[in-house]
Asks: 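Dumping the structure here so I can ask a few things about it.
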Amino acid sequence: MREELVGFVKEALERGLSRAEIRSALLAAGWREEEVEKGLAAFADTAFPVAVPRPKPYLSARETFFYLLQFTALYVSGFNLGRLLFLLIDRGLPDPADASYTQHYTNDQIRWSIASLAVAFPIFLLLSRTLARAESRDPERRGSKVRKWLTYLTLFVAAAILTGDLITLLYNLLGGELTSRFLLKVGTVAAIAGGVFGYYLWDLRGEERETS
């Protein structure tokens, strides 16, 4: 069905019909607006007797590796930052019932979290910088399917975490079990997941504005 739409747009453009006329005809025929826009976007808006196709989003094994490594480093960094902050909260506000156990536990886990952050976060920053430079030199790279899938997956994960965080907060609020430790941990999760969600949502909207 997608190929049929693109073929129709191509033939209509080569017959001299305007994009507005093509859009109206397709919408009247029952095509969704999103499908129509994608069909029109497949061809450059140039004054040329033959429809000029735009480059299609491509899939490169090399870029797949770099994007997977970048987002993996992001997940590792976010998880270990949250765990480190949780452990520091437990150390600053210890539970009197298991203070000795918590002390031993946090010493070991804090080292793991710091070590993980020391490796993963620089990798994430380096790859983000490298890929951003490559995209600025060749804007078509932003059309990478792997990049889009991983970005939307990250938005989904961040949104799911924020939703779970809010549910947990309300559950404890209704049960009257709010403590300083609990509120600090809820705030930590909200700050990390919200920061990731906000950044990638802003990035996607910026890309959509550039495309428009």
Side-chain angles (χ1 to χ4, degrees), residues 32-35 37 67-129 131-132 142 144-212:
R32 291 186 292 111
E33 185 172 357
E34 180 182 355
E35 295 173 325
E37 293 301 329
Y67 281 121
L68 283 172
L69 186 58
Q70 178 197 23
F71 279 88
T72 300
L74 171 65
Y75 300 148
V76 173
S77 299
F79 173 78
N80 282 281
L81 176 60
R83 184 171 67 166
L84 177 60
L85 293 175
F86 271 39
L87 294 169
L88 293 176
I89 291 170
D90 287 336
R91 169 169 286 188
L93 299 170
D95 185 351
D98 60 351
S100 60
Y101 171 76
T102 301
Q103 180 71 19
H104 174 74
Y105 173 79
T106 56
N107 286 338
D108 183 57
Q109 295 301 316
I110 284 174
R111 288 198 301 271
W112 272 111
S113 294
I114 292 175
S116 299
L117 278 172
V119 174
F121 192 60
I123 291 175
F124 170 72
L125 291 179
L126 177 62
L127 288 173
S128 297
R129 183 184 181 90
L131 291 170
R142 292 181 65 85
S144 169
K145 292 183 178 180
V146 174
R147 176 180 175 276
K148 286 185 179 294
W149 272 102
L150 290 174
T151 298
Y152 278 108
L153 175 62
T154 301
L155 286 173
F156 170 76
V157 171
I161 292 174
L162 286 170
T163 301
D165 194 44
L166 180 58
I167 291 172
T168 303
L169 175 62
L170 291 176
Y171 175 81
N172 283 269
L173 177 63
L174 293 173
E177 299 177 1
L178 294 181
T179 63
S180 298
R181 280 177 26 146
F182 173 76
L183 291 175
L184 286 172
K185 290 181 178 181
V186 168
T188 297
V189 173
I192 295 174
V196 172
F197 183 87
Y199 173 77
Y200 282 102
L201 182 62
W202 169 81
D203 185 57
L204 281 176
R205 288 180 174 176
E207 181 181 341
E208 290 173 357
R209 288 193 295 269
E210 290 175 5
T211 302
S212 299

Asks: Can you tell me how far the CD atom of Gln70 sits from the CG atom of Leu68, to the nearest 0.5 Å?
Replies: 10.0 Å

Asks: To the nearest 0.5 angstrom, please state how far the CD1 atom of Ile192 sits from the CZ atom of Phe79.
Replies: 10.5 Å

Asks: Could you work out, with salt bridge (Lys or Arg N to Asp or Glu O under 4.0 Å) as the rule, every residue matching Arg129, not counting sequence neighbours?
Replies: none

Asks: Filter on salt bridge (charged side-chain N to carboxylate O under 4.0 Å, His left out), then keep only pairs touching residues 182-195, sequence neighbours left out; what's left?
Replies: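 Found Asp90-Lys185.
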
Asks: State, with a plain yes or no, whether a side-chain heavy atom of Val189 is found less than 4.5 Å away from one of Phe86.
Replies: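 Yes, side chains in contact.
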
Asks: Under the side chain to side chain donor-acceptor pair (under 3.5 Å) rule, collect the residues that match up with Ser113, sequence neighbours excluded.
Replies: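 Only Arg83 meet the side chain to side chain donor-acceptor pair (under 3.5 Å) criterion with Ser113.
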
Asks: Can you sort out the partners of Glu34 under salt bridge (Lys or Arg N to Asp or Glu O under 4.0 Å), two or more places apart, ordered by chain and number?
Replies: Arg32, Lys38

Asks: Hey, what do you get for CG (Leu74) to OH (Tyr199), rounding to the nearest 0.5 Å?
Replies: 10.0 Å

Asks: Can you name the side chain to side chain donor-acceptor pair (under 3.5 Å) partners of Thr179, sequence neighbours left out?
Replies: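 Thr179: no side chain to side chain donor-acceptor pair (under 3.5 Å) contacts found.
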
Asks: Just jot down the side chain to side chain donor-acceptor pair (under 3.5 Å) partners of Thr154, sequence neighbours excluded, or say none.
Replies: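 Only Tyr75 meet the side chain to side chain donor-acceptor pair (under 3.5 Å) criterion with Thr154.
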
Asks: Quick one: pull up CZ in Phe71 and OG in Ser77 and give me the separation to the nearest 0.5 Å.
Replies: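 Reported to 0.5 Å precision, the distance equals 12.5 Å.
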
Asks: Taking atom CG of Leu201 and atom CG of Leu155, what is their separation to the nearest 0.5 Å?
Replies: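 Answer rounded to 0.5 Å: 6.0 Å.
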
Asks: Show which side-chain atoms of residues 163-173 pair as donor or acceptor with protein atoms under 3.5 Å away, not counting sequence neighbours.
Replies:
from	atom 1	to	atom 2	distance (Å)
Thr163	OG1	Ala159	O	2.8
Thr168	OG1	Gly164	O	2.8
Asn172	ND2	Thr168	O	2.8

Asks: With sequence neighbours excluded, give me every salt bridge (charged side-chain N to carboxylate O under 4.0 Å, His left out) pair touching residues 109-126.
Replies: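 Applying salt bridge (charged side-chain N to carboxylate O under 4.0 Å, His left out) to every pair that reaches into residues 109-126, excluding sequence neighbours, yields Asp108-Arg111.
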
Asks: Tabulate below the donor-acceptor pairs under 3.5 Å that side-chain atoms of residues 116-127 make, not counting sequence neighbours, or state none.
Replies:
from	atom 1	to	atom 2	distance (Å)
Ser116	OG	Trp112	O	2.9

Asks: After noting the C-alpha distance and the side-chain angles of Lys148 and Leu153, does the key distance pass the side chain to side chain contact (heavy atoms under 4.5 Å, CB included) rule?
Replies: CA-CA 8 Å; Lys148 286 185 179 294; Leu153 175 62; over 6 Å; no

Asks: In chain order, what residues pass the side chain to side chain donor-acceptor pair (under 3.5 Å) check against Tyr67, with sequence neighbours excluded?
Replies: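 Side chain to side chain donor-acceptor pair (under 3.5 Å) list for Tyr67, sorted by chain: Glu135.
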
Asks: Rounded at 0.5 Å granularity, tell me how far CD1 in Ile110 sits from CG in Leu85.
Replies: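 Going from the CD1 atom of Ile110 to the CG atom of Leu85 covers 10.0 Å.
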
